[in-house]
Structure formats: C-alpha cells, structure tokens
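Below: one structure, written as structure tokens.
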Amino acid sequence: EQNTDFTRRVKISILVPLFNTPEEFLREMIDSVMNQTYSNWELCLADGSDDAHAYVATVVKEYEAKADGRIVYHRLLKNEGIAGNTNECLKLATGEYIGLFDHDDLLTPNALYEVVNALQETDYDILYTDEDKITGDGSKHLDPNFKPDFSIDLFRSNNYITHFFVVKKEIVDKIGGFCREYDGAQDYDFIFRCVEQAREVIHVPEILYHWRTHKSST
C-alpha cells in the first residue's frame, strides 16, 4: 500500500478536537494517524484542554517534531465545546477532503488508503466506512457495525454513518461547519447538511475505525 502510485493523491485533513485527553489515548490516536500507509494527510488539532491538562500540548509538540509539517496544532484560549472546537480544527485544514476523528479513537493503518483507493474510480463527495468498538484499554474489539450502502431513509431514523466520515472540504465550507446548538449530536446534524449538498455518497465496506468505549465516552 505504501508503494501504490495513485493517480489521485488527494490530501485528507483529519479534524480532532482535543479536550483533557488522557495521555495514553492521545498518543494512541496520533500514532494511528502517523502509521497510515497513505501519506498525504494532515492532522488538525484544536486543543480546549484546561490548565490541569497542559501535558496535551507537550505531547502534541513532541509529535509535531517528527511529522514533517503534517500535524497542525492550535491551543485555544478556552474550551468552545465539541462543535466549536471542531470548527477551530476546520480553520487549520488545507486538504481537499476532511475526515472526522475523535480524540480517543483509532484508525486502522489502511483507513486513508482505502478511502483514496475508492476515489480513483469516481470523484465522490462523501465516503464513509464500517467501524467497530474497542474496550478502554484497547485489548478487545466488539460490536462491529457492517453498514449498508447509503440510505437516506435509514439515516433519517438513526445516525448509522458516524465513523469514519470523509467529505469534500468545499461542501463543509458551503454549509458553514458545525452547529454548537447540536453539541452531543453535532455529527448527525453535520452529516445531514453535507448529504444535502452531495451528488455521490459511497460506502467503503471495511472496518477502518475503532471507536473506544470507556467511562467518559458517549
């Protein structure tokens, strides 16, 4: 995969809002991006952590030094909530596509490769993948979610898409990013508005995202 010479080597900006992220989860999250077999990515981090979690900035700076400029970090003056913090990530993004990623989750090493591989056949506006969950310590995988191809009727019933969601940045710019009024369900609202603007939505039928379950997760 690392040696694949894609015709389209699109840049994917991965948005991660940070807030008091446990150090172990933070490192594992960043490592899962650094270990991608596809290299044209950008990790956009907006950090709303409080002063008691200043180590978040220290850890990110450590990774910045070895990421060849692909990690972009902004320390926020205050926590803006998940939608507001994600919008701050969006301001940092320069990629043709953006991907939504939570601060305590993991991408499989081939996640971006499979997304870009799908884009070789068609210029899709939106792509989403299958996912599973992992325990807090990452030792067990459970509850795999093998999703259907895009169905607006099903999506109106529940947010079956969630992770990993990738969309053209021009669509995100058009809809104006995330709405703070929907914090807690901001991704559901955001994906609805993206879908309204999309011509083609593709499902990549492979588990490429690990959603961590622990006492502070939703």
Side-chain angles (χ1 to χ4, degrees), residues 12-38 41-50 52-60 62-63 67 70-71 73 76 79-86 88-90 98-115 127-147 158-167 178 182-191 203-218:
I12 301 177
S13 296
I14 303 169
L15 310 186
V16 183
L18 302 175
F19 178 70
N20 296 350
T21 312
E23 182 172 350
E24 181 181 3
F25 294 172
L26 177 63
R27 288 184 179 278
E28 290 179 359
M29 178 273 292
I30 298 176
D31 282 338
S32 78
V33 177
M34 295 280 288
N35 292 333
Q36 289 296 302
T37 58
Y38 178 76
W41 52 262
E42 174 183 58
L43 181 58
C44 303
L45 306 171
D47 181 12
S49 299
D50 58 34
H53 295 80
Y55 66 80
V56 171
T58 302
V59 171
V60 173
E62 173 189 326
Y63 279 94
R70 291 179 294 172
I71 294 179
Y73 173 77
L76 303 178
N79 179 33
E80 302 286 352
I82 189 166
N85 290 358
T86 308
E88 293 299 321
C89 294
L90 183 58
I98 68 161
L100 305 186
F101 192 23
D102 289 348
H103 68 162
D104 48 4
D105 294 342
L106 302 173
L107 293 176
T108 66
N110 61 324
L112 298 185
Y113 171 89
E114 298 297 347
V115 167
L127 308 93
Y128 67 94
T129 78
D130 295 339
E131 65 190 78
D132 67 4
K133 295 182 176 64
I134 56 172
T135 53
D137 61 4
S139 63
K140 294 183 180 179
H141 292 256
L142 61 154
D143 195 20
N145 187 356
F146 300 107
K147 305 167 188 176
N158 68 90
N159 183 9
Y160 76 91
I161 291 178
T162 315
H163 303 302
F164 179 42
F165 180 77
V166 178
V167 57
F178 291 78
Y182 294 101
D183 263 0
Q186 72 289 332
D187 288 352
Y188 200 12
D189 165 73
F190 176 79
I191 297 173
H203 166 225
V204 180
E206 186 171 347
I207 290 176
L208 301 174
Y209 191 105
H210 304 312
W211 192 350
R212 194 188 302 265
T213 60
H214 56 92
K215 63 181 180 179
S216 299
S217 68
T218 56

Query raised in the report: Does the side chain of H163 reach to within under 4.5 Å of the side chain of D102, using non-hydrogen atoms?
Result: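 In short, these two side chains touch, coming nearer than 4.5 Å.
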Under the 3.5 angstrom rule, does the side chain of [X] hit a backbone N or O of [Y] as a donor-acceptor pair?
{"X": "N35", "Y": "P109", "result": "no"}
{"X": "D50", "Y": "H53", "result": "yes"}
{"X": "N110", "Y": "Y113", "result": "no"}
{"X": "E88", "Y": "A46", "result": "no"}
{"X": "R212", "Y": "D105", "result": "no"}
{"X": "Q36", "Y": "L112", "result": "yes"}
{"X": "T129", "Y": "I207", "result": "no"}

Kindly compute the distance separating [atom1] ([X]) from [atom2] ([Y]), expressed to the nearest 0.5 Å.
{"X": "T58", "Y": "L26", "atom1": "OG1", "atom2": "CG", "result": "10.5 Å"}
{"X": "I161", "Y": "D187", "atom1": "CD1", "atom2": "CG", "result": "11.0 Å"}
{"X": "N145", "Y": "Y160", "atom1": "CG", "atom2": "OH", "result": "10.0 Å"}
{"X": "E62", "Y": "I71", "atom1": "CD", "atom2": "CD1", "result": "10.0 Å"}
{"X": "D143", "Y": "W211", "atom1": "CG", "atom2": "CH2", "result": "9.5 Å"}
{"X": "D132", "Y": "H141", "atom1": "CG", "atom2": "NE2", "result": "6.0 Å"}

Report task. Would you please name every residue forming a side chain to side chain donor-acceptor pair (under 3.5 Å) with D130, sequence neighbours left out? Result ->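 Checked D130 against side chain to side chain donor-acceptor pair (under 3.5 Å); matches are H203.
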Report task. List in chain and number order the residues that pass side chain to side chain donor-acceptor pair (under 3.5 Å) with Y38, two or more places apart in sequence or in another chain; answer none if no residue qualifies. Result ->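 Y38: no side chain to side chain donor-acceptor pair (under 3.5 Å) contacts found.
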Which atom names give the shortest non-hydrogen contact between [X] and [Y], and what distance separates them?
{"X": "V33", "Y": "F101", "answer": "CG2-CE2, 3.6 Å"}
{"X": "S49", "Y": "T21", "answer": "OG-N, 4.3 Å"}
{"X": "D47", "Y": "A57", "answer": "OD2-N, 4.1 Å"}
{"X": "N85", "Y": "P17", "answer": "CB-CB, 3.7 Å"}
{"X": "L100", "Y": "Y209", "answer": "O-CE1, 4.0 Å"}
{"X": "K147", "Y": "F164", "answer": "NZ-N, 4.3 Å"}

Report task. Start with the C-alpha distance between L45 and M29, add both sets of side-chain angles, then the distance that settles side chain to side chain contact (heavy atoms under 4.5 Å, CB included), and finish with yes or no. Result -> CA-CA 11 Å; L45 306 171; M29 178 273 292; 4.3 Å; yes
Query raised in the report: Just wondering, are more than 12 heavy atoms of other shown residues or ligands nearer than 6.0 Å to OH in Y182?
Result: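 Incorrect, the count does not exceed 12.
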Query raised in the report: Do the rings of F178 and F190 sit parallel, tilted or perpendicular, given the 30° and 60° boundaries?
Result: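 Ring orientation of F178 relative to F190: parallel.
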Report task. For the pair V167 and I98, evaluate side chain to side chain contact (heavy atoms under 4.5 Å, CB included) and give the outcome as yes or no after the intermediate values. Result -> CA-CA 6 Å; V167 57; I98 68 161; 3.6 Å; yes
